[in-house]
Amino acid sequence: TKLILLDSLLQELQIIKAMPSFTIKVKWGKEVFQDVEVNTDEEPMVFKAQLFALTGVQPERQKVMLKGAILTDSSWDKVKMREGAMVLMMGTKDEDMLAQPVEKTKFIEDMDDSELSKAMDMPAGLQNLGNTCYMNATVQCLKTVPELRTALTRFGGNVSLGGGPDSDNLTAALRDLYTTMDKGNTVPPIIMLQVLHNAFPRFAERGEGGGYQQQDANECWVEILRMLQAKTTPTEGSTKASAIEQFLGIECSSETKCAEAEGEEPTKSVEKFLQFSCYIDKDVKYLHTGLKNRLSENIEKNSPTLGRDAQYIKSMAITRLPGYITIQMVRFHFKQKEAVNAKVLKDVKFPVMLDMFEMCSTEMQDRLRPARTQFKAYEDWNVEQASTVKGKGKTEALRAEREAQDGEGHEDWWFSEDVGSSNSGYYILQAVLTHKGRSSNSGHYVGWVRQKGDTWLKCDDDEVSPIHEEDVLKLSGGGDWHTAYLLVYGPRKLPKVRGQKTGSDETPAAATENMETS
């Protein structure tokens, strides 16, 4: 019933024109919220969703009154809103509800998924508002970048459903959604979805049955980042235009040379991306191979020397690695005959620890070497320390490093002149966005995020459950199961305290040169 109500509400809000709105105050207990925007041409549930974002009180527990008149979920008839009005809201948020009588102790092995989630303090899930799993999975995976969260808190704008720049509205909506999610309860992302629909009407397309059509999660990812790129500021001292470019931006040198005219001067340029694509063909079995394939391609274009179309070879090399690198598995190809984005189901293995060294230019590789030398020494020290456990030296060393990633006190993982970059080329997997189905515009999307160590969380809309890292590595494809579509790798961190005998000793590190086998 709730989903039907939400779907009906969002359908009516599909095209928002200039509407009468009021700026009011809302009193809730001892708190008074100033400058709250309310639009009486919208359903009251949208206003209640705003109050939920402010207070954490679920809409069904809100009692909203103005001069004794109570606001219903479906009509403003009884409440006559005016500019500057003081609205009274009563209701208790989930964490303040009276505790239930103490129940008999229940052991973990006897719990179902929902009970396990509560016991392990699972983060908030997101309600599916009708084929909106593509957005929910995107929101959960982006949430794993702490620097993005920090940048969102620096943004001072507010959501205005009645107008305003789309980039302002979307940035504010995502910031507010994360704030609400931090309270730990399942959230209906009504405002975020409406803002997304306003900015990109194609995401609001409906099928024959009247419900929302499934959308491509990568398209959603790209469009959200493009909006955030316009509004998130970088940290002080950064030369980048936004926090998105600072922490997620990849830069490559590019050279395009004619294969049929040796004397023709090659064209050189600098290209910038927010994702690195992994092209999948019959020879690609590992992520590393697909990433290298991205660096060289044959294209056909007009040759000024020959006066006709000719074959060119375009080669690229990375000249700037971000602290967080997003990899898109290019799994969908448009089939003209069926008019669908058909899926490549091929199994492509991806590692927990990723090494981007080989994809970099010679100059970039030279810059990465000092930090990599420290990591190699750290690995050697870890293995030496763990060798006391018979036959488990390398296994124990890897476990020790994973634990150190979650600890306090790390060396800077960026170049001093470029905060937000990677100074080693080493990464650790922290989020996976998967697709289950045969087409990008159908099926189901799920977000999988690393919680701590080798414990991960499966964020399947409003169901959040713990899983082991081994299960995440099985998301590599090969069938109709959940298949990795986007991979988010974060910085591999070098602990400040790592067994140094003196301040001048060689410092340790980890990761073999070939991360493909890890």
Side-chain angles (χ1 to χ4, degrees), residues 1-10 45-46 48-53 55-62 73 91-95 97 100 111-144 149 173-197 203 211-215 217 220-221 224 431-437 442-451 455-467 471-472 475 482 485-486:
T1 304
K2 287 183 183 177
L3 282 178
I4 294 172
L5 176 61
L6 291 172
D7 189 65
S8 172
L9 158 65
L10 290 167
M45 273 296 285
V46 173
K48 290 191 173 186
Q50 290 175 259
L51 296 181
F52 171 55
T55 66
V57 178
Q58 295 281 355
E60 60 267 24
R61 287 208 295 272
Q62 294 176 14
D73 289 346
T92 307
K93 54 185 177 180
D94 289 346
E95 54 263 46
M97 296 290 285
Q100 297 297 316
M111 295 179 180
D112 59 27
D113 287 345
S114 62
E115 291 170 328
L116 193 60
S117 294
K118 287 182 181 178
M120 296 189 67
D121 192 26
M122 296 292 103
L126 293 169
Q127 189 176 347
N128 192 317
L129 304 177
N131 277 335
T132 57
C133 56
Y134 69 94
M135 181 189 77
N136 291 349
T138 297
V139 167
Q140 293 282 18
C141 290
L142 281 174
K143 190 170 177 277
T144 66
R149 298 286 313 276
L174 186 60
R175 176 200 63 205
D176 296 345
L177 178 57
Y178 284 152
T179 300
T180 305
M181 290 172 71
D182 285 342
K183 296 170 184 175
N185 301 301
T186 295
V187 179
I190 304 171
I191 302 297
M192 180 67 191
L193 182 64
Q194 186 54 48
V195 167
L196 188 70
H197 284 178
F203 290 146
Y212 292 121
Q213 291 184 344
Q214 183 65 278
Q215 301 295 328
C220 178
W221 181 285
I224 287 177
V432 181
L433 192 155
T434 61
H435 175 265
K436 183 180 180 182
S442 63
H444 186 57
Y445 291 97
V446 173
W448 313 68
V449 301
R450 180 174 172 267
Q451 186 183 40
T455 300
W456 282 62
L457 300 174
K458 177 184 178 183
C459 302
D460 187 353
D461 290 328
D462 58 344
E463 294 184 11
V464 179
S465 54
I467 57 166
D471 295 315
V472 174
L475 303 171
H482 298 283
Y485 187 24
L486 289 174

> Which heavy atom in Gln214 sits nearest to a heavy atom in Gly443, and how many Å separate them?
NE2-O, 3.0 Å

> Kindly compute the distance separating CE (Met135) from CG (Leu177), expressed to the nearest 0.5 Å.
7.0 Å

> Grab the two heavy atoms, one from Gly184 and one from Ala124, that are nearest each other, plus how far apart they are.
C-CB, 4.0 Å

> Any donor and acceptor pair, going by atom type alone, linking the side chain of Gln451 with main-chain N or O of Pro466 inside 3.5 Å?
no

> Check whether any side-chain heavy atom of Met192 lies under 4.5 Å from a side-chain heavy atom of Ile224, and answer yes or no.
yes

> Starting at OH of Tyr178, measure out to CD of Gln140 and round the result to the nearest 0.5 Å.
7.5 Å

> Find the distance between CD1 (Ile467) and CZ (Arg450) and round it off to the nearest 0.5 Å.
13.0 Å

> Would a 4.5 Å heavy-atom cut-off, applied to side chains only, mark Val46 and Ile191 as touching?
yes

> Could you work out, with salt bridge (charged side-chain N to carboxylate O under 4.0 Å, His left out) as the rule, every residue matching Asp471, not counting sequence neighbours?
Lys474

> Evaluate Leu142 against Trp221 for side-chain contact (heavy atoms from CB on, under 4.5 Å), listing each step before the verdict.
CA-CA 9 Å; Leu142 281 174; Trp221 181 285; 3.6 Å; yes

> Give, for atom CD of Gln50 and atom OG1 of Thr55, the distance between the pair rounded to the nearest 0.5 Å.
11.5 Å

> So, using ring pair (Phe, Tyr, Trp, His ring centres under 6.0 Å) as the criterion, who are the partners of Trp456 when residues are at least two apart?
none

> Can you see which heavy atom on Thr180 is nearest to which on Ala53, and at what distance?
OG1-CA, 3.6 Å

> Is there side-chain contact between Leu193 and Phe203, with at least one heavy-atom pair below 4.5 Å?
no

> Between Asn131 and Tyr212 (side chain of the first, backbone of the second, donor and acceptor by atom type, cut-off under 3.5 Å), is there such a pair?
yes

> Determine whether His444 and Asp460 make a side-chain contact, defined as any pair of heavy atoms from C-beta on separated by less than 4.5 Å.
yes

> Would you name the heavy atoms of Gln127 and Pro188 that are closest together and state the gap between them?
OE1-CB, 3.3 Å

> Heavy atoms, side chains only, cut-off 4.5 Å: are Met181 and Val139 in contact?
yes

> How close do Ala431 and Thr144 get, counting heavy atoms only, and between which atoms?
CB-OG1, 3.9 Å

> May I ask you to test the Trp448-His482 pair for a side-chain heavy-atom distance under 4.5 Å?
yes

> Whether the side chain of Gln62 engages the backbone of Val57 through a donor-acceptor N/O pair (distance < 3.5 Å, no angle test) should be reported.
yes

> How many angstroms lie between CG in Asp461 and CG in Leu126, if you round to the nearest 0.5 Å?
7.5 Å

> Quick one: are Thr138 and Leu433 in side-chain contact, heavy atoms under 4.5 Å?
yes

> Provide the closest heavy-atom pair for Leu457 versus Val464 in the form atom of the first, atom of the second, distance.
CB-CG1, 4.2 Å

> Which residues pass the salt bridge (charged side-chain N to carboxylate O under 4.0 Å, His left out) test with Lys436, sequence neighbours left out?
none

> For the residue pair Tyr485 and His435, categorise the inter-ring angle as parallel (less than 30°), tilted (30 to 60°) or perpendicular (more than 60°).
perpendicular

> Please round to the nearest 0.5 Å and tell me the distance separating atom CG of Asn136 and atom CG of Leu129.
7.0 Å

> Determine whether a donor-acceptor pair (N or O, by modelled atom type, separation under 3.5 Å) exists between the side chain of Arg61 and the backbone of Thr92.
yes

> Is the shortest heavy-atom distance from the side chain of Cys220 to the side chain of Gln215 under 4.5 Å?
no

> Show your working on side-chain contact (heavy atoms from CB on, under 4.5 Å) between Leu196 and Thr132 and close with a plain yes or no.
CA-CA 11 Å; Leu196 188 70; Thr132 57; over 6 Å; no

> Counting N and O atoms only, with roles assigned by atom type, does the side chain of Thr179 sit under 3.5 Å from a partner on the main chain of Arg175, one being a donor and the other an acceptor?
yes

